[in-house]
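Structure record follows, encoded as structure tokens.
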2 protein chains.
Amino acid sequence: MKPSIHDVAKIAGVSSTTVSRVLNNRGYISEKTKDKVYKAMEEINYFPNDLARSLFRKRTNLIGLIIPNSSNPFFGELAFYIESICTSMGYKLLLCNSLNRIDKEEKYLEMLIRNQVDGVIAVTYNRGILNYHQQNLPIVAIDHYLSEKVPVVGSDNFAGGKKAAELLIKKDCQHIVHINGPIELETPANLRRKAYEDVMREHGRQPITYEVPFHENYRNIISKLFDEQPAVDGIFASDDIIAAGVITEAKKRGKDIPGQLKVIGYDGTETIQAILPELTTIQQPIELISKTAIEILEKQIEGEFDNLPLETYLPIQLFESGTT
Amino acid sequence: MKPSIHDVAKIAGVSSTTVSRVLNNRGYISEKTKDKVYKAMEEINYFPNDLARSLFRKRTNLIGLIIPNSSNPFFGELAFYIESICTSMGYKLLLCNSLNRIDKEEKYLEMLIRNQVDGVIAVTYNRGILNYHQQNLPIVAIDHYLSEKVPVVGSDNFAGGKKAAELLIKKDCQHIVHINGPIELETPANLRRKAYEDVMREHGRQPITYEVPFHENYRNIISKLFDEQPAVDGIFASDDIIAAGVITEAKKRGKDIPGQLKVIGYDGTETIQAILPELTTIQQPIELISKTAIEILEKQIEGEFDNLPLETYLPIQLFESGTT
DNA sequence: CTGAAAGCGCTTACAG
DNA sequence: CTGAAAGCGCTTACAG
């Protein structure tokens, strides 16, 4: 049986109220009593039960994080920073991998609510979260619109898309194609596409965007792109994994990079930097995104629901390397 | 105020005991009463408080996962599978990134204990976990020895190292070098090194192993290796990130792969397959490792501490590709 | 400076 | 088939 506060009290010869007080450093307690209590705790290896504490305080210091898949380096890194920052602030993180499936997102959300999390950080397509939000559950979204009231934090996707498209134009690419996720999803990431298309038109070019349908293999789309666009000499992929796929396919087809084809990705995770440092990409400030999201979440946890910054777009950075 | 079981009871016109019974589907309850209760729950949007439940049951269904860093694709994937499997079994996952720092590992462990986790899965160097284990905390380690009593699960590192070394020999490499993590850490992963050295000696070769000191940048070691071993024509790296670093350095030095230098890594994550599919590597069965670890953990949670498989090594697979 | 009592939101014998 | 009571391990007014 795990020792409880009563066991400590008995050994120290005081009441459990007193033990609780030294535990929480609250009210006046004589040094002598404190000592006795600490010794007793040590003696029986006592650790307070946070469950009981949370139950009383109505505050768990638990944060739920819903991401599609921590296998993906971007989300893996996001999870790392969010968890690290949470820990430094006294929060604990419940991890949820939704695989972008709405049914899973909903189940996870219910689980988080049952576990009385103080707040949720979601990288999610689930607009149903709205219903839960009405219950005053603090929530912040990363790179996804959930509702008019849920704050979104992300990278400056428009600036990123613009920088990517402009680089390819500057590098004298004549036939620039963009690969993006499905646009029916209303994510700020669509701005990457919009920026590309705007830049193209500004330069009198015809934008060509290939979409990767939800849950379809992006490799097929890449292959299709090469088949249909033999003249392609510049590709802006909306994430680095796809960009890597483009490079692989180009090699297979004997296209020289950057000679015949220039490629630029998006995300710029540490993993991509380590594995494929030659990839030119737009780096998201993942740590800053994490920090900002947590700050906005904390405001809500502290009861501040008005004056929240509803949309925060953090600066991206061009990492120029070998593929351009 | 969140509704409690009492609010439901009041609306349904029954006692909270009855509400609890329909919640848990326990004992006999008339259909009529059940209906009333369900309707009441729906009406006020009631979700049971798992904290209170866990407090009573002395069972949280919480599992703590301590990994060095979810940014690393191997750990990101491990976290994904462990979380997914946990969820499918009704467990919830508390994520902890220790950065391999013992002080952090200890703090996390205490946090997990305070939160009454049912068990811990650790990818950790912390032998201090031992002390906590005495408290009957169910625990299983992945690829790290914690104590004689803590079950370890991992890939068959010896077979993997052997296969890697033998492939390079078969491919006619004359000067094969191995890069590994620091050996002072007693991890089963040292078997990768041992297997390489055994195979080399069997073939009358001199094993040469470069170690990456703890917390040092592996790139420096790679660079040093190339400087000191100009004749090197085969490298077995103990993980794919290092292997990718070798490829990058080789390119920089104008060494043709696989013509002048053959490279093989270890891990074979989905991420590496997506980003660097040309890398030959030894694939760990990450999903199987996750599943096995959870099964062994669950046995402990169910009270079975004897007859646990103390060391489980799951089969690896050679993924042969362009770098050999 | 310290303790007895009530309560956080549940569940489970026990009784009827 | 249903309810009153006790208790899980804490904390916090309240009282002294």
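Sequence order on DNA chain D of the closest nucleotides to Thr33(B) and Ala52(A) puts Thr33(B) first from the 5' end. Nearest-nucleotide positions on DNA chain C for Leu51(B) and Tyr28(A) put Tyr28(A) closer to the 5' end. Closest-nucleotide positions on DNA chain D for Thr17(B) and Phe56(B) were compared, and the one nearer the 5' end corresponds to Thr17(B).
Annotated stems with DNA chain C as a participant read C:1-3 with D:14-16, C:5-12 with D:5-12, C:14-16 with D:1-3, given as range with range, by first number; only runs of 3 or more Watson-Crick or G-U pairs under 3.5 Å qualify.
Nucleotides of DNA chain D with any atom under 4.0 Å from a heavy atom of chain A span, from 5' to 3', dG9(D) to dA13(D).
Taking 4.0 Å as the cut-off between side-chain N and carboxylate O, Glu110(A) and Arg114(A) count as a salt-bridged pair. Ion pair Lys36(B)/Glu42(B) not flagged as a salt bridge, since none of the NZ, NE, NH1 or NH2 atoms sits closer than 4.0 Å to an Asp/Glu carboxylate oxygen.
Contact annotation: the side chain of Val8(B) never approaches that of Pro3(B) to less than 4.5 Å [non-hydrogen atoms, C-beta and beyond]. Looking only at side-chain heavy atoms (C-beta outward), Gln116(B) and Asp50(A) stay at 4.5 Å or farther from each other. Considering only heavy atoms from C-beta on, Ile142(A) comes within 4.5 Å of Ile82(A) through its side chain.
Within the 4.0 angstrom heavy-atom criterion, base atoms lie near Ser20(A). Nucleic acid contact class of Asp50(B) (heavy atoms, under 4.0 Å, all strands): none. Using a 4.0 Å heavy-atom distance criterion, Leu55(B) is classed as a base contact. In this structure, Ser54(A) reaches neither bases nor backbone, as no heavy-atom distance under 4.0 Å exists between it and the strands shown. At a threshold of 4.0 angstrom between heavy atoms, the contacts of Arg21(B) include nucleobase atoms, whether or not backbone atoms are also involved.
Minimum interatomic distance between Ile63(A) and Ile301(A) (heavy atoms only, all atoms of both residues): CD1-CD1, 3.9 Å.
At a cut-off of 3.5 Å, with distance as the only test, a side-chain donor of Ser155(A) or Gln284(A) sits close to an acceptor on the other residue.
More than 12 heavy atoms of other shown residues, nucleotides or ligands fall within 6.0 angstrom of atom CG in Asp103(B).
The structure places CD1 of Ile289(A) at 10.5 Å from OG1 of Thr312(A), a figure rounded to the nearest 0.5 Å.
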